[in-house]
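Worksheet: one structure, shown below.
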Amino acid sequence: MVEIAEDLDRICTTLDKLTLDSLSLIEEEIQLKLILENSMCEGETHLAKARYIMGHKNVSALQLPTENSPEFSASIQTLSNEDEKLYGQKSFEICSIKKDEDKSVHDPIKWFGILVPQNLNYAQNMFKQALQWAIQAINVQTQLRETLIAIGQLKKVKANMFVK
Amino acid sequence: MALHSAHKGKLISVIGDEDTCVGFLLGGVGEINKNRQPNFMVVDKNTAVSEIEDCFKRFIKRDDVDIILINQNIAEIIRHVIDNHNAPVPAVLEIPSKDHPYDASKDSILRRAKGMFNPDEML
């Protein structure tokens with residue numbers, strides 16, 4: 001009986017810790033998404049300025065590659081590695097591929113022309129920053145997801161102990 | 001930003017409105033692979049829900065995609081498909097868009113977390 005009480009106490013303590021962890025992770029994720037939103041807003045403002053200079057149709061989805069475009073590789077990719085914090089799940093980081101490393105990589109800014117306004121470069125930098133925030137938000141989200149799974153499992157164990 | 005010589009990295013897919021796709025593709029995430037499959041989808045007001053669903057399911061099945069970025073307002077449209085995706089990879093991140101600011105109460109993971117803190121569940 002004493003052992004069960006001790007186990008229950010241990011489970012409750014762990015549950016408390018995990019609950020606090022998940023609350024701070026929720027806070028962190030929301031903060032990261034708000035920063036991401038700011039970066040995207042700034043990027044979109046620069047896109048709008050570029051659109052004003054170049055014309056409405058010249059900075060739009062029409063310039064994006066289609067299925068008929070020649071194949072090319074992404075210059076920003078992700079690398080994943082197993083993280084202890086994420087209970088063995090993968091955490092991501094961004095890697096940038098340069099043109100001299102892979103010939104199929106090219107600068108997307110060239111889709112919009114050779115002489116593009118500076119605002120398009122600013123927009124590119126803001127969206128690259130936004131990607132960094134997005135990756136951080138994903139890592140926090142994975143951590144939160146795993147914490148929630150752990151809480152769910154411990155609750156089941158606790159409920160089973162009460163049944164016994 | 002880490003620089004790696006051997007690129008064994010995976011892709012970031014984007015499902016979003018015009019500005020989101022143009023922006024992130026300008027950032028360098030876009031790719032057209034050997035099978036002529038793009039890793040992005042521009043959604044406008046004429047795009048059918050089934051098209052978005054099919055695209056999302058296609059990205060989930062692709063083993064070269066690690067992350068899917070999707071505008072929160074588009075995620076709302078295909079919420080049932082997103083909620084069914086429980087695997088950690090590809091990770092799905094709901095991002096805000098120009099016309100729809102980020103709303104934490106609609107976020108799939110945060111709603112799941114909120115469910116955990118139901119007073120009846122805490123006992």
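The analysis underlying the following values was restricted to heavy atoms, covering all of them including side chains, and did not include hydrogens, waters or symmetry mates. Residue numbering restarts at 1 for every chain, and letters A, B, ... go by the order of the sequence lines.
Most heavy-atom pairs under 4.5 Å with chain A, from the set P96(B), S97(B), A104(B): that is P96(B). Most heavy-atom pairs under 4.5 Å with chain B, from the set S60(A), A134(A), P70(A): that is S60(A). Most heavy-atom pairs under 4.5 Å with chain B, from the set S69(A), C41(A), A123(A), G43(A): that is S69(A). Of the residues considered (I67(B), I95(B), L11(B)), I67(B) shows the highest number of contacts with chain A, using heavy-atom pairs under 4.5 Å.
Side-chain heavy atoms closer than 4.5 Å link hydrophobic residues (I, L, V, M, F, W, Y) into clusters, and following such links, possibly through other members, connects I138(A) to Y102(B). A continuous path of hydrophobic side-chain contacts links I30(A) to W133(A) [ILVMFWY only; heavy atoms under 4.5 Å]. Hydrophobic clustering, with ILVMFWY side chains joined whenever heavy atoms are under 4.5 angstrom apart, groups I35(A) together with L25(A). Residues V92(B) and V43(B) are members of one and the same hydrophobic cluster, defined by side-chain heavy-atom contacts under 4.5 angstrom among Ile, Leu, Val, Met, Phe, Trp and Tyr. In this structure, V89(B) is a member of the same hydrophobic cluster as I76(A), with clusters built from ILVMFWY side-chain heavy atoms closer than 4.5 Å.
Atom OG of residue S108(B) and atom CD of residue Q141(A) lie 8.0 Å apart, to the nearest 0.5 angstrom. Here I94(A) contributes atom CD1 and I12(B) contributes atom CD1; the two are 5.0 Å apart, rounded to the nearest 0.5 Å. Between Q72(B) atom CD and E37(A) atom CD the span is 9.0 Å, to the nearest 0.5 Å. Atoms CG and CD, on D66(B) and Q77(A) in that order, are 10.0 Å from each other to the nearest 0.5 Å.
Of all residues spanning residues 15-41 of chain B, those with a heavy atom less than 4.5 Å away from chain A's heavy atoms are E18(B), D19(B), T20(B), C21(B), V22(B), G23(B), F24(B), L25(B), L26(B), G27(B), G28(B), V29(B), G30(B), E31(B), I32(B), N33(B), K34(B), R36(B), P38(B), F40(B), arranged by number. For residues 44-52 of chain A, a heavy-atom distance under 4.5 Å to chain B picks out E44(A), L47(A), R51(A), given by residue number.
Side chains of L69(B) and L131(A) form a contact here, defined as non-hydrogen atoms less than 4.5 Å apart.
Of the atoms belonging to L110(B), it is side-chain heavy atoms, and not backbone ones, that fall under 4.5 Å from chain A. At a 4.5 Å heavy-atom cutoff, D44(B) makes no contact with chain A through either its backbone or its side chain. Contacts between E29(A) and chain B at a heavy-atom distance below 4.5 Å involve the side chain alone, from C-beta outward. Interface residue L36(A): only side-chain heavy atoms are found under 4.5 Å from chain B. The parts of L120(A) that come within reach of chain B are both its backbone and its side chain, each placing non-hydrogen atoms under 4.5 angstrom from that chain. Contact of N68(A) with chain B is made through the backbone alone, with heavy-atom distances under 4.5 Å.
In terms of modelled atom types and a separation under 3.5 Å, the side chain of K10(B) and the main chain of S80(A) share no donor-acceptor contact.
Contact record, E94(B) with K33(A): O-NZ, 3.1 Å, taken as the closest heavy-atom pair.
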